[in-house]
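Encoded as structure tokens, the structure appears first; notes follow it.
In the text below, chain A, chain B and the rest are named by the order of the sequence lines, each starting its count at 1. In what follows, every heavy atom counts, from backbone to side chain, and hydrogens, waters and symmetry copies are set aside.
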Amino acid sequence: MEERYNPLEIESEAQQYWDSNQVFAAKEDEQKEKFYCLSMFPYPSGKLHMGHVRNYTIGDVISRYQRMQGKSVLQPMGWDAFGLPAENAAIKNKVAPAEWTYKNMDEMRGQLQRLGYGYDWSREMATCRPEYYRWEQWMFTRLLKKGMVYKKSAVVNWDPVDQTVLANEQVIDGRGWRSGALVEKREIPQWFMKITDYADELLEGLDKLDGWPEAVRTMQANWIGRSEGLELQFGAVDGGESLTVFTTRPDTLMGVTYVAVAAEHPLAVKAAESNPDIVLFLDECSKMETSEAALETMEKKGMDLGVTVTHPVSGDDIPVWVANFVLMGYGTGAVMAVPAHDQRDWEFATKYGVDIKAVIRSVQNAESDESSDVSEAAYTEKGVLYNSAQFDGMNFEQARDAIADYLEEQQLGKRKINYRLRDWGVSRQRYWGCPIPIVNCPTCGAVPVPEEQLPVVLPEDVKFDGVGSPIKKMPEFYQTSCPECGRDAERETDTFDTFMESSWYYTRYSCSDQSEKMLDSRVDYWAPVDQYVGGVEHAILHLLYARFYHKLLRDEGLLNSDEPFKNLLTQGMVLKDGVKMSKSKGNTVDPQPLIERYGADTVRLFIMFAAPPEQSLEWSDSGVEGAYRFIKRIWRLVYAHIEGSSPVDSVVVAGLRESSELTDEQKDIRRITHQTIKKVGDDVGRRLTFNTAIAAVMELTNALSKFGSDSDELILNRAVMQESLEAVTLLLSPMVPHLTHRLWSLLGHKQAVVDVAWPEYDENALIEDSINMVVQVNGKLRAQLKVSASASREDIESQAVAEESVVKFLDGKVPIKVIVVPGKLVNLVVK
RNA sequence: GCCGAGAUGGCGGAAUUGGUAGACGCAGCGGAUUCAAAAUCCGCCGGCAGCAAUGUCUUGGGGGUUCAAGUCCCCCUCUCGGUACCA
């Protein structure tokens, strides 16, 4: 054995062993329990960053641990290869998006391999390959025929200078990021998937996802936003339009003093015809950002349209306003306003001098004649109705039902369940994405591309200048004939949202070599994913779309499970100096030089040690140095143990479990060793707190350093040491697989550590004769107590009150209460 | 704005079910080894008071529940993630 730890030599040897023995090739072995461990696949952006290293190390540790549990493990890797950054890079570096993407994949694949992750590389996929996206196109055409897909117009950010649709992140303070031009809203026809048809199932399914963080389930439930309410009509006045609105507070109906519509609403457009001020206002609204955050935080503005509608109960004329915070695309494009009982409406009404009519008062004031005080703010509590004609005196539930009954009878409204969730718009006016398999025929309309003509291949050899998508200017791409009537027609040149690819990739890993169909029976061996690992930033969109798509696949008969991801671990970000690492801030740490200097094991160990996976992780160069020291310390411990003598035979080590000849010191070491095995098993297997697992092994090695410095002439000492060092090796092997691959062999084993079972602790070694307890007086720590493990409550109590410092603080008084927490503490309460 | 999460020594973090706050590591200080350095080993290491024993304060801020609160409840501040075309 070399005295010096040499990571480069050790790591390349271990990796060669795994590779030449196909150790991580996943097999559909029906005799074994399967475990599908998946880390979110990366966007091939260039090089790996620390966030990737963290994500993939967590996944690899879990995979290797599960393998040691005897399971048949699948841990695949691939590339989320379509997306906006490739287009940006293309503009910047004058290189085609495809070429840039493939180059990055090669670079990053090499880095992943250098880090020693146990992937089944034979299943690698890239979503930009036609072999992959053809099935996505195929599925889309199936869904279209089924009616799960439809076309409608929706707004996009339009850059009038670059003549391009901008992503929300490309709009900065209302301007295009490159041109600086004021962004305009533009309505264009787009494809949508009916995720709202699955809203209830997606919501109810959350209850069963007990392997998911509660926070993620809550966020998804709030995102879906199921609410029960009433949809009702405000009637048309002399030839105008009637308006439909939805409300969850029908009890406030009699307090409506105006109705607000979106700028694109027909009523607003019509009113503008005769009022230039309204034209100006609508024009202002068309230069707004489309993101929800921008909408909610901007100044709320509106204008009286000078038209009225009829209140469905009172028959009063209700003025119609146009407001910038009402959106045409969501709901009915109109809302009823109750300034007395809704804070946003109150602020709007106060600002523009619209009437405020209070109709709800608190239950306490129900019998009085007092009005609710709405002079400073809206009264938003549920209460009792007044000023509400036949509904006076009713509480919320009574009024809700009575008003719903009344309006349904009058055919002016109906009970409705509403969702905040909106249908999924999947069209993108971009080049670097999966072509939408549709032919637009002047005669037949939108026709799906027939199965035998799939895939519609995206041309990769293009010039990309950032002004529109190249395929929109390529007749050789878009000119085609209609699959139905055979006449000249044009292909759809929009591409899919990239969430489309990431919504089903985890199923395709089960059969990535299958060229005849989207999925085969192997998907039901592997799916669902047992452990999914990725950033918390995907808590809503990606994870909700994937859950939706899984149900679509199920309902197409392609697989047999309801949910894609059984357990979910949402990992925190990697920070430097307290802020997120990013190129723009110039605070990134490149893993490559660290791997070259310290080896992959040190980098893996540090990133697992520095913080629990769900928390953000503060990067520390000196912390890496510490991880390296720890590895070298283990190396020296093993070196000292075996140098000059051979490893202790495994029969002798096993005999320790039955031995009655151990000294107290030997028993102590065995107790610490087996406590550590127990704790690390729990930390790695159940809690997924790898940082505390590593800390526990550090404590064990600290104890071993002291133990080992004593005479080790005795065979029992050497046996205890051997047992402990083997435990250290096995417990750390998921985190530092290369080091432990070598150590296990040095400790005298023929079998590779990767094939060894996770260790089991010896219950008998854990038993302690005496226990330390603390004594408190009035909750304050006053003494330490060593009591026998079998001591009774009375023994402990009498020992406690006899302690010198306890006597001092009791000050002659007799405790009025004594709390004994077994094995922990005694609390004496005095007055 | 809304939804979700977080805040503990000089720093990263630990405390798993309400029961010894600060495990483990980093940095720092002192010592050993060395011609010297690196590497390594040993010791100390939250604030205040004290020679010390020890006392006292302390988990973002304010209130509360409890024999006992970092942990539970209420209010507030700040930071981070998401907010439907970044992935």
For atom [atom1], what is the distance between [N] and [M], given to the nearest Å?
N      : M      : atom1 : value
A23(B) : A32(B) : C1'   : 27 Å
A7(B)  : U71(B) : P     : 11 Å
A21(B) : G70(B) : P     : 8 Å
G30(B) : A38(B) : P     : 14 Å
U58(B) : G46(B) : C1'   : 8 Å
G13(B) : G60(B) : P     : 14 Å
G62(B) : C78(B) : C1'   : 15 Å
U34(B) : U40(B) : C1'   : 11 Å

Reading nucleotides 80-87 of chain B from the 5' end, what letters show protein touch, with B for base, S for backbone sugar-phosphate only, - for no heavy atom under 4.0 Å? SBSBBBBB
Letter by letter from the 5' end, nucleotides 6-28 of chain B scores (B base, S sugar-phosphate only, - none; protein heavy atoms under 4.0 Å) ------BSSSB--BB--BBSSS-
Check whether any side-chain nitrogen or oxygen of R782(A) sits under 4.0 Å from OP1 or OP2 of U56(B), and answer yes or no. yes
Taking OP1 and OP2 of A39(B), is either one under 4.0 Å from a side-chain nitrogen or oxygen of K632(A)? no
Atom CH2 of W212(A) to atom P of A5(B): distance rounded to whole Å? 16 Å
Expressed in angstrom and rounded to an integer, what is the separation of N778(A) atom CG from A68(B) atom P? 8 Å
Using only heavy-atom distances, determine whether the side chains of D159(A) and S179(A) contain a donor-acceptor pair under 3.5 Å. yes
Tell me which one of F192(A), W191(A), W424(A) satisfies ring pair (Phe, Tyr, Trp, His ring centres under 6.0 Å) with Y150(A). F192(A)
If the plane angle is over 60° it's perpendicular, under 30° parallel, otherwise tilted; pick one for [X] and [Y].
X       : Y       : answer
Y598(A) : Y628(A) : perpendicular
F565(A) : Y532(A) : parallel
F325(A) : F348(A) : perpendicular
Y56(A)  : H52(A)  : parallel

Can you name the ring-ring contact (aromatic ring centres under 6.0 Å, His included) partners of W346(A), sequence neighbours left out? none
Starting at the 5' end of RNA chain B and moving along, which residue's nearest nucleotide shows up first, E296(A) or R636(A)? E296(A)
G31(B) glycosidic conformation (syn if within 90° of 0, otherwise anti) is anti
Scan the side chains in residues 82-92 of chain A for donor-acceptor partners under 3.5 Å anywhere in the protein, sequence neighbours excluded, and list what turns up.
{"from": "E87(A)", "atom 1": "OE2", "to": "Y431(A)", "atom 2": "N", "distance (Å)": "3.0"}
{"from": "E87(A)", "atom 1": "OE2", "to": "W432(A)", "atom 2": "N", "distance (Å)": "2.8"}

Lys/Arg cation over aromatic F496(A): R428(A), 6.0 Å, 45° cone: no
May I ask you to test the H542(A)-E537(A) pair for a side-chain heavy-atom distance under 4.5 Å? no
Stems involving RNA chain B: give each as a range paired with a range, ordered by first number, where a stem means at least three consecutive Watson-Crick or G-U wobble pairs under 3.5 Å. B:1-7 with B:77-83, B:10-12 with B:24-26, B:28-32 with B:40-44, B:46-49 with B:54-57, B:60-64 with B:72-76
Counting the atoms with a prime plus P, OP1 and OP2 as sugar-phosphate, which does F809(A) contact under 4.0 Å by heavy atoms, base, sugar-phosphate, or nothing? sugar-phosphate
Hits for side chain to side chain donor-acceptor pair (under 3.5 Å) against S39(A), two or more places apart or cross-chain, chain-then-number order -> none
Between F609(A) and M698(A), does a side-chain contact (heavy atoms from CB on, under 4.5 Å) hold up when you go through it step by step? CA-CA 11 Å; F609(A) 177 64; M698(A) 284 174 168; 3.8 Å; yes
